[in-house]
Amino acid sequence: MSYRLVVAALTTAVLTAPLAVPAMAAPVPKEPAARPSATPLVTKTITLKAPSALNTTWNRIQKIRYGAAASKLGTSPAGEGLTLGPSYGVQVPNKTWWYADAAKLRLAHYSDSGTYLGQVKLPSKYLHLGYFQWQNPVALKDGSVVLTSTTIDSPALLRLSASGKLSRIKLSRFVNTHTTDGTYLYGFDDAGKKVRVAPLTGKITAVTWFRGQGGRKFQLSVASGYLRVLRPGVNLRLNLEAYGLAGETVHPSVQAVMGADGRLWVLIIGFVEITPENSRTVVGLIDVSASGKVSAVRRVRDASSPADPGDGHNLGIRHGGIHPTMMFIDTDAVRVYRKK
């Protein structure tokens, strides 16, 4: 097994938190419910299905292949015949994309359609023993991109400014970032507490609510069989069922982003244990409006592949945008789709 995969596995074990986990990570453990709310509880049932092809409401905007050329993304050998792709990418407000290309020790820059625009190579001072030890890129409204350290006992952020300058910001403890309002990062610290991180200073502050675009507040929590969603004036319990598997419990993990219109998009990846040796994956994408209206469940393809390092988020949205994207680290290329 490669050094990169070992560190990623150890980091996932340390940093995995209740809100979301990468598709390849272990199932989310049972967690406390969201904070009690004075708003009346509304219960709905969400039916998840086996992964299937995205429908025609999605446009593929990027297919970036792997290879030695600078215009292509790199891959890393991971032992046991596995080869890992990049550690995901994000779109910044000017509509270009930055990828954490671990194999080539760089951040790679692409247009919205996948045209190569250049790179920022990481100097040795930002590497650990010569390895790229950063994951989960997050884009902020000032055009910067922030990544989280995977170096054991060295919590930090790596920031790429809009002008292309790199800086390292020390943290007092590890934080697993799950969302942003464009200014701050929000996630869970290594004690499982909700926190906000100031990316310029590294200051970590305990919070009750996460915030999305426009500073809109929300909470998400998951447990076996259901998902809770809280927004101001909204108190939802979404019971989860697996299509064709009546009576079986769905064990979910989630990813969430908020559009500039206040719509909260939630990707649900669940597994159902039929027997100890037989489990099924079920998935679905929903959105929840500011008033609490829940959309129909949209079908989603398999979020993972043998090349997926499992250290980023499939679901994304550009700051200022309202159309979510889905990113897949496939065995031959990275593919990105945008909802129409």
Side-chain angles (χ1 to χ4, degrees), residues 1-12 14-15 22 62 64-78 83-92 94 96-111 114-140 142-171 174-177 180 185 187 197-202 307-313 316 327 329 333-334:
M1 183 177 289
S2 73
Y3 182 84
R4 178 184 171 198
L5 189 59
V6 169
V7 172
L10 289 172
T11 304
T12 299
V14 171
L15 298 183
Q62 291 183 356
I64 306 174
R65 291 190 177 275
Y66 308 140
S71 61
K72 299 182 184 298
L73 293 167
T75 58
S76 304
T83 300
L84 299 180
S87 295
Y88 285 78
V90 289
Q91 188 175 34
V92 291
N94 70 3
T96 65
W97 292 73
W98 286 95
Y99 280 86
D101 192 353
K104 295 186 178 180
L105 308 179
R106 65 176 184 164
L107 296 172
H109 198 197
Y110 292 86
S111 74
T115 301
Y116 180 64
L117 300 176
Q119 63 182 349
V120 173
K121 296 284 285 186
L122 266 62
S124 58
K125 67 180 180 178
Y126 297 122
L127 304 176
H128 180 69
L129 301 178
Y131 289 91
F132 185 106
Q133 294 295 292
W134 305 95
Q135 67 174 3
N136 192 19
V138 177
L140 302 178
D142 63 1
S144 64
V145 175
V146 181
L147 299 92
T148 303
S149 170
T150 65
T151 302
I152 297 172
D153 297 327
S154 185
L157 300 175
L158 178 68
R159 181 176 181 267
L160 176 71
S161 72
S163 63
K165 294 182 179 180
L166 291 168
S167 57
R168 185 179 186 276
I169 300 94
K170 291 184 179 180
L171 300 179
F174 280 107
V175 173
N176 196 359
T177 300
T180 179
L185 309 176
V197 182
L200 292 177
T201 65
D308 188 345
D311 56 5
H313 293 157
M327 177 175 292
I329 312 297
V334 172

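What you find for Ser87 and Ala102 is that their closest heavy atoms are OG-CB, 4.3 Å. Scanning both residues, Val197 and Pro199, for their nearest heavy atoms gives O-CD, 3.3 Å. Residues Pro137 and Val90 come closest through the heavy atom pair O-CG1, 2.8 Å. Shortest non-hydrogen contact noted between Trp98 and Leu107 is CZ3-O, 3.5 Å. Here the shortest heavy-atom pairing between Ser161 and Ser144 reads CA-CB, 4.0 Å. What you find for Ala100 and Pro86 is that their closest heavy atoms are O-CB, 3.5 Å.
A donor-acceptor distance shorter than 3.5 angstrom exists from the side chain of Asp101 to the backbone of Gly74, with no hydrogens or angles considered. Proximity of a side-chain donor or acceptor of Lys165 to a complementary backbone N or O of Arg159 within less than 3.5 Å is not detected. Proximity of a side-chain donor or acceptor of Lys72 to a complementary backbone N or O of Ala333 within less than 3.5 Å is not detected. Tyr126 contributes a side-chain N or O that, together with a main-chain N or O of Leu166, makes up a donor-acceptor pair within less than 3.5 Å. A donor-acceptor contact shorter than 3.5 Å is absent between the side chain of Arg168 and the backbone of Lys125. Counting only distance, with no hydrogens or angles, the side chain of Tyr66 and the backbone of Leu73 share no donor-acceptor pair below 3.5 Å. Remark: the backbone N or O of Ser111 is paired with a side-chain donor or acceptor of Gln62 at under 3.5 angstrom.
Rounding to the nearest 0.5 angstrom, the gap separating the CG atom in Leu200 from the CG atom in Asp142 is 7.0 Å. Rounding to the nearest 0.5 Å places CG of Asn136 at 4.5 Å from NE2 of His313. Rounding to the nearest 0.5 angstrom, the gap separating the CZ atom in Arg106 from the CZ atom in Phe132 is 10.5 Å. Rounded to the nearest 0.5 angstrom, Ser154 OG and Leu171 CG are separated by 9.0 Å. With rounding to the nearest 0.5 angstrom, the OG1 atom of Thr75 is 12.0 Å from the CD1 atom of Ile329.
Within a 6.0 Å sphere centred on NZ of Lys170, heavy atoms belonging to other residues, nucleotides or ligands number 12 at most. The number of heavy atoms from other shown groups lying within 6.0 Å of CG (Asn94) is above 12.
Between Tyr99 and Tyr110, the ring planes lie perpendicular to each other; the angle is over 60°, past the 30° to 60° tilted range.
Of the options Leu158, Thr151, Val146, Asp311, a side chain to side chain contact (heavy atoms under 4.5 Å, CB included) to Trp134 is made by Leu158 and by none of the others. Screening Thr148, Val175, Val138, Asn176 for a side chain to side chain contact (heavy atoms under 4.5 Å, CB included) with Leu185, the sole residue that qualifies is Val138.
For the residue pair Thr150/Gln133, the side-chain donor-acceptor check at 3.5 Å is satisfied.
Put simply, the side chain of Met327 reaches to within 4.5 Å of the side chain of Val334, judged on heavy atoms.
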